[in-house]
Amino acid sequence: FETTTNFECTVLVRDHGSPFLWDEATILGVVFDVNDNAPTFSVSSFDEEINENYAGEVFRVEAMDIDTVGSVMFSIINSDGPEGLFTVDVNGVVAITTAQDYETDPH
């Protein structure tokens, strides 16, 4: 589907008579997309410096899926900070939810 969304071909049928008789039919096919490609990030690694005592948007991640079945969905699955420290919204905006104090917890 990612390269071809439809196709057309002609089928010919003929008999063994003399003269032979024949007919033809056109076949029109539509290719339906399936979810067969994993989404990919625009870059594979993100590094960002965050000042202490800051809470809010840190950066935005971008990803795409060449399938047309649906859009991508982001989630935080692993963080070395406290649970819920980072969030990511439907647009890929990653935010820190609670200001961190470097002197208290110098990750």
Side-chain angles (χ1 to χ4, degrees):
F1 180 84
E2 285 75 28
T3 59
T4 304
T5 58
N6 56 55
F7 63 89
E8 179 179 325
C9 68
T10 303
V11 177
L12 177 72
V13 61
R14 69 179 197 173
D15 61 21
H16 293 283
S18 180
F20 68 84
L21 300 173
W22 61 276
D23 194 12
E24 65 181 49
T26 301
I27 299 173
L28 302 173
V30 176
V31 180
F32 291 100
D33 193 20
V34 295
N35 191 18
D36 59 345
N37 292 283
T40 56
F41 282 100
S42 57
V43 296
S44 61
S45 179
F46 304 90
D47 293 313
E48 191 68 31
E49 294 181 6
I50 304 168
N51 291 328
E52 70 174 328
N53 302 320
Y54 172 79
E57 181 178 331
V58 179
F59 58 90
R60 180 180 175 167
V61 294
E62 294 180 358
M64 65 173 286
D65 189 340
I66 62 174
D67 292 315
T68 60
V69 172
S71 60
V72 296
M73 182 175 61
F74 299 101
S75 60
I76 303 289
I77 61 168
N78 188 14
S79 171
D80 67 353
E83 174 106 21
L85 177 62
F86 292 98
T87 61
V88 61
D89 70 14
V90 296
N91 298 311
V93 175
V94 177
I96 187 167
T97 59
T98 307
Q100 300 297 296
D101 184 353
Y102 181 84
E103 291 78 21
T104 305
D105 187 14
H107 274 244

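These values consider heavy atoms only, across backbone and side chains, with no hydrogens, waters or symmetry-generated copies. Index from 1, following the sequence.
- If you chain together hydrophobic residues whose side chains sit under 4.5 Å apart, Val94 and Val43 fall into the same group.
- Asp65 places a side-chain heavy atom less than 4.5 Å from the side chain of Asn35.
- Taking both residues in full, the closest heavy atoms of Ala55 and Ala99 are given as CB-N, 3.7 Å, listed atom of the first, atom of the second, then distance.
- Taking Phe86 as the reference, nothing meets the ring-ring contact (aromatic ring centres under 6.0 Å, His included) condition, with sequence neighbours excluded.
- Taking hydrophobic clusters as Ile, Leu, Val, Met, Phe, Trp and Tyr residues chained together by side-chain heavy-atom distances below 4.5 Å, Val30 does not share a cluster with Leu28.
- Contact annotation: the side chain of Ile96 approaches that of Leu85 to within less than 4.5 Å [non-hydrogen atoms, C-beta and beyond].
- Scored by the side chain to side chain contact (heavy atoms under 4.5 Å, CB included) test, Thr10 finds Glu24, Thr26 as partners (sequence neighbours excluded).
- Distance CG/Leu21 to CZ/Arg14: 11.0 Å, rounded to 0.5 Å.
- Of the possible polar contacts, none joining the Glu103 side chain to the Asp101 backbone as a donor-acceptor pair under 3.5 Å is found.
- Between Phe46 and Phe59, the angle of the ring planes stays under 30°, which puts this pair in the parallel group of the 30/60° scheme.
- Sorted pairs that involve residues 40-60 and meet side chain to side chain donor-acceptor pair (under 3.5 Å), not counting sequence neighbours, are lacking altogether.
- Expressed to the nearest 0.5 Å, how far CG of Asp67 lies from CG of Asp36 amounts to 5.0 Å.
- Contact record, Val72 with Ala63: CG2-O, 4.1 Å, taken as the closest heavy-atom pair.
- Taken together through direct or relayed side-chain contacts under 4.5 Å among Ile, Leu, Val, Met, Phe, Trp and Tyr, Met73 and Val90 form parts of separate hydrophobic clusters.
- Across all non-hydrogen atoms, the minimal contact from Asp15 to Phe20 is OD1-CA, 3.2 Å.
- With hydrogens and angles ignored, the 3.5 Å screen pairs no side-chain donor or acceptor of Asn91 with any backbone N or O of Val93.
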